[in-house]
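What follows is a single structure, written as structure tokens, with notes after it.
Atoms within each ligand, like the ligands themselves, are counted from 1 in listed order.
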Amino acid sequence: MISQELNDSLTRVGKGSDAGEVLRRYWQPAALVDELEGARPVVPVRLLGEDLVLFRDSEGKLGLIGRHCPHRGADMCFGRLEDNGLRCPFHGWHFNRAGQCVEQPGEPAGSRMHEQIQSTAYPVVEKNGIIWAYMGPGEAPEFPALDCFRAPTSHVFAFKGVWQCNWLQAMEVGIDPAHASFLHRFLQDEDPAEAYGKQFRDTAGDTEIPMTKLLRDFPRPEITAEEADHGLKITALRHLGDGRTHVRITNQIFPEAICIPMSREMTITQWHVP
Ligand code: FES
Ligand SMILES: [Fe+2]
């Protein structure tokens, strides 16, 4: 059992926390591009314990700024999306996508006070269906050139889900190769031709053995973990008893992503973002 102190150090993610400062030095997924489709591209985002609002301005560019107006804290998610920015619903302070206040209607005409008002704002990029934010200090690092970002959009899709746990608990599941034989156990095998896109419904590479059967019949994998440039490489071997060994590799991509095989043709690259 780890101490409360170490647990907090690993799992608290707010600004100034240990893990929060590490995670802020990497691009973080903020939203799906799909979420900004529709008549009003304004969505609340809670990322690394910070409340933000993501919007697309009239130039089609994205802004990720503080959710609470720097004036009286009104919720910018209810802001008016107009004049190429987001206007606070309370007194109408207007912010551009960089979080700069560009207008304060309550001030006398010609006032330059707005020049000193800057909301929180983070750079964002769109990559293969996901909008990513950099919330750390200095220049954002180069975007990681993982397969899922280099592949053409015809070969990737993006999805997200909510897990009610901390980021480390989620990632532990992602890199855990033992649970597949139990949590993902199927009692019947399916035709692999019908398996496209389904986890563990394909046959194991270079065999006619359904993955479902292989996981069922060999629930005690031999697991090793090695450090790699990208994080950890975890190998699960299942010895089939006929001289063959099934090898399944799980990669952890530091700090909080994983890349796992889903079938012979498909991998899942997943971020466990707090
Ligand atoms: S609270 Fe936003 S302009 Fe006053
Ligand atoms: Fe799983």
Between atom 2 (Fe) of ligand 1 and Cys69, is there an N, O or S atom separated by less than 2.8 Å? yes
Those atoms of ligand 1 less than 4.0 Å from some heavy atom in Phe90: 1 (S), 4 (Fe)
When you measure from atom 4 (Fe) of ligand 1 to each N, O or S atom of His91, which atom gives the shortest distance? ND1
With atoms numbered from 1 as shown, which atoms in ligand 1 lie under 4.0 angstrom from a non-hydrogen atom of Arg72? 1 (S)
Under 4.0 Å from any heavy atom of His71, which atoms of ligand 1 are there? 1 (S), 2 (Fe), 3 (S), 4 (Fe)
Test item: Gln252 side-chain N/O and Pro255 main-chain N/O as donor-acceptor pair under 3.5 Å: yes
Find, among atoms of His184 that are N, O or S, the one nearest to the Fe ion (ligand 2), and state its name. NE2
Do Phe95 and Cys69 come within less than 4.5 Å of each other through their side chains, counting heavy atoms only? yes
Is the centre of the Trp93 ring less than 6.0 Å from the centre of the His71 ring? yes
A student checking ligand 1 against Cys88 at a 4.0 Å heavy-atom cut-off should list atoms 1 (S), 2 (Fe), 3 (S)
Within the 3.5 Å criterion, strictly below it, is a donor on Asn128 or Thr153 matched to an acceptor on the partner's side chain? no
For the residue pair Phe149 and Trp132, is the inter-centroid distance of their aromatic rings smaller than 6.0 Å? yes
Using a strict threshold of under 4.0 Å (side-chain N to carboxylate O), is an ion pair present between Glu107 and Arg112? no
Among the N, O or S atoms of His179, the one nearest the Fe ion (ligand 2): NE2
